[in-house]
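Order of the sequence lines fixes the chain letters, A, B, ..., with proteins taken first and strands second; residue numbering starts at 1 for each chain.
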There are 2 protein chains.
Amino acid sequence: MGHPIEESAALVAEPASDTKRRLLSAAERLFAEHGFGGVSVRQLTAAAGVNLAAVNYHFGSKEGLLAAIFEQRCRPMNDERLRRLGDCVEPADHPEVLERIIAAFIAPALASSADRGGGATFTRLRAALSVEHNELARTLIARYFDATSERFVAALARALPDLSRAELFWRFHFLLGGLYYTMINPSRIAHLSGGLCDAGDVEAVLTQMVPFIAAGFRAPSLDRLSRPRARRKRSAR
Amino acid sequence: MGHPIEESAALVAEPASDTKRRLLSAAERLFAEHGFGGVSVRQLTAAAGVNLAAVNYHFGSKEGLLAAIFEQRCRPMNDERLRRLGDCVEPADHPEVLERIIAAFIAPALASSADRGGGATFTRLRAALSVEHNELARTLIARYFDATSERFVAALARALPDLSRAELFWRFHFLLGGLYYTMINPSRIAHLSGGLCDAGDVEAVLTQMVPFIAAGFRAPSLDRLSRPRARRKRSAR
DNA sequence: GTCTATAGAGCGATAGAC
DNA sequence: GTCTATCGCTCTATAGAC
């Protein structure tokens, strides 16, 4: 792993060589499109217009390059999500607070401009990685997203106090599914709908997804309705 | 490995050699776990306990093996989906007909017993393929699933006459997202929930997913509510 | 039908010249 | 920092013995 230390205390403060920037950009795009294992170092360096040896020189390895992408993207995206979450908890009794929480989570993930925490490509990359059994990807996602996801689940719990904890996690899981599938397979809905629906249209996705997911979250609790004061259903076997 | 129900209904008249059956079974499992590009012919043949050359001898190529898996699984699964769909259109005004349509679509996809059209492993395989830009996979999915999906969208349209066609496709897309993400990344919800939720528990997934998706489908139409209905010009639509 | 052996290509990573 | 050349490995697919 002995490669030049980057150790940036200030995240983006590094000027970063042109080669590095080109590699980060090309790798994010190609990994998002084909997954980590689906792209070779040769393809990466060719797409970035740099030498074959540059990946190992600047990032130590192909995996080091993936870690650098996370290092670069995660904090801005989570900051943007939490900033928007903070904006929508103030009037906690507002009827559309649920919609705003959901939008706070998915809008930054869909936004195509990567400059203010938005990152459609990076979201697509995480979706692609979630299929592969890449140990590093698991570690990176847990490290960078656990805290934010827990904050959102907590906000959802406050907005929907009748749901059990298990139900909250399940519904958050279905939210992730809708988001990731949209990023990873936009062509299926385009094909099925005969071109009527375009999953690459961020505004359309937000318009359609937020009310759908919000209505799903508002479905009556099965756990709490069937047993008053119930604790939780056993769902392990 | 010797299921008692194994020769039910003779879905493929072929007796199929032991080598072929072992390869189909091992390949379905490994492709589902690691995707098509993530598994080598060497791993496949080793897992099946057959010779390295058997894939090319029996199926022509690695891609031929994938096509054979679809050939074997698609018809039973779609037949089971359509059989269940037929069971739930009779009382079209029944309040839970929507729930039953949704369950008719996802239950066979989640069922772990592959003998009667159910195929959790095969669903996971399709989810994994949807990430890769495998041209053959796209072709196979379109060939085998377009007709069934259209039947379900038509049934959903009858159950929810207020939704526009675009909204129906979007909501069906979110259904697919929840289903595929559950199959492909069951570990994320287990991790986030601290083990409270188990995406490998078919009953739990059905219990949680059907009401969530149904409530999402029942969200008011944005297209029909905000636009043409405001004016009373048109007497019928 | 089943096997061994291997062709021919591509892979990640590195050594060492400049 | 950037480059070429190359090591050691794995891949899919096939030829040819049995």
Side-chain angles (χ1 to χ4, degrees), chain A residues 1-8 14-31 33-69 125 128-129 132-137 139-140, chain B residues 12 14-31 33-69 125 128-129 132-137 140:
Chain A
M1 308 305 189
H3 60 96
I5 306 259
E6 193 65 20
E7 207 57 52
S8 52
E14 283 297 323
S17 71
D18 199 52
T19 298
K20 260 177 116 161
R21 266 185 285 109
R22 292 163 70 90
L23 267 175
L24 283 167
S25 167
E28 187 179 30
R29 182 172 52 81
L30 287 174
F31 286 158
E33 235 169 297
H34 307 283
F36 181 76
V39 187
S40 70
V41 173
R42 287 169 159 82
Q43 291 172 299
L44 287 170
T45 51
V50 303
N51 185 268
L52 170 63
V55 166
N56 284 276
Y57 178 75
H58 286 289
F59 302 101
S61 67
K62 189 184 170 189
E63 290 207 328
L65 174 52
L66 179 67
I69 294 171
L125 165 56
L129 289 176
E132 309 179 78
H133 285 337
N134 189 307
E135 200 51 53
L136 173 64
T139 306
L140 291 169
Chain B
V12 179
E14 285 295 324
S17 70
D18 199 51
T19 299
K20 258 175 121 162
R21 266 184 284 111
R22 292 164 72 89
L23 268 175
L24 283 166
S25 166
E28 185 179 32
R29 183 171 52 81
L30 288 174
F31 286 158
E33 234 169 299
H34 307 286
F36 181 76
V39 186
S40 71
V41 173
R42 285 170 155 80
Q43 291 172 301
L44 288 170
T45 51
V50 303
N51 185 269
L52 170 62
V55 166
N56 284 276
Y57 178 76
H58 287 288
F59 302 99
S61 68
K62 190 183 168 189
E63 289 206 332
L65 174 54
L66 179 66
I69 293 171
L125 165 57
L129 289 176
E132 309 179 78
H133 285 336
N134 188 308
E135 200 50 54
L136 173 65
L140 291 169

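- Phosphate proximity of D/dT2 to A/T19: present, with a side-chain N or O under 4.0 Å from OP1 or OP2.
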Review point. Side chain to side chain contact (heavy atoms under 4.5 Å, CB included) between B/N51 and B/T45: does it pass, once the steps are laid out?
Key: CA-CA 6 Å; B/N51 185 269; B/T45 51; over 6 Å; no

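- Judged purely by atom type and a 3.5 angstrom limit, B/E132 uses its side chain to pair as donor or acceptor with the backbone of B/G37.
- Residue A/N56 places its side chain closer to C/dA13 than to any other of C/dA13, C/dT2, D/dA13.
- B/L129 is not listed as a side-chain neighbour of B/F31, based on a closest heavy-atom distance of 4.5 Å or more.
- Using a 4.5 Å cut-off on side-chain heavy atoms (C-beta onward), B/N56 and B/K62 make no contact.
- No hydrogens or angles were tested; on distance alone, a donor-acceptor pair under 3.5 Å links the side chain of A/R42 to the base of C/dG12.
- To the nearest angstrom, P of D/dA13 lies 11 Å from CG of B/L44.
- Per the geometry, CG belonging to A/D18 stands 12 Å off P belonging to D/dG1, to the nearest Å.
- Take B/H34 and apply the ring pair (Phe, Tyr, Trp, His ring centres under 6.0 Å) test, not counting sequence neighbours, and it matches A/H133.
- Here the C1' atom of nucleotide C/dA13 and the CD atom of A/Q43 are 17 Å apart, to the nearest Å.
- Between the P atom of D/dC11 and the CG atom of B/L30 lies a distance of 13 Å, rounded to the nearest Å.
- Residue A/N51 places its side chain closer to D/dT4 than to any other of D/dT4, C/dC3, D/dA13.
- In terms of phosphate contacts, A/S40 brings a side-chain nitrogen or oxygen within less than 4.0 Å of OP1 or OP2 of C/dC11.
- Here C/dG12 presents its P atom at 13 Å from CG of A/L23, a figure rounded to the nearest Å.
- Nearest-nucleotide mapping onto DNA chain D: of B/A53 and A/A53, the residue sitting toward the 5' end is A/A53.
- Here the C1' atom of nucleotide C/dT4 and the CG atom of B/L52 are 10 Å apart, to the nearest Å.
- A straight line from CD of A/E63 to P of C/dC11 spans 17 Å, rounded to a whole angstrom.
- The side chain of A/Y57 approaches D/dG1 more closely than any other nucleotide in the set D/dG1, D/dT4, C/dT4.
- When the P atom of D/dT2 is taken as reference, atom CZ of A/F59 falls 11 Å away, rounded to whole Å.
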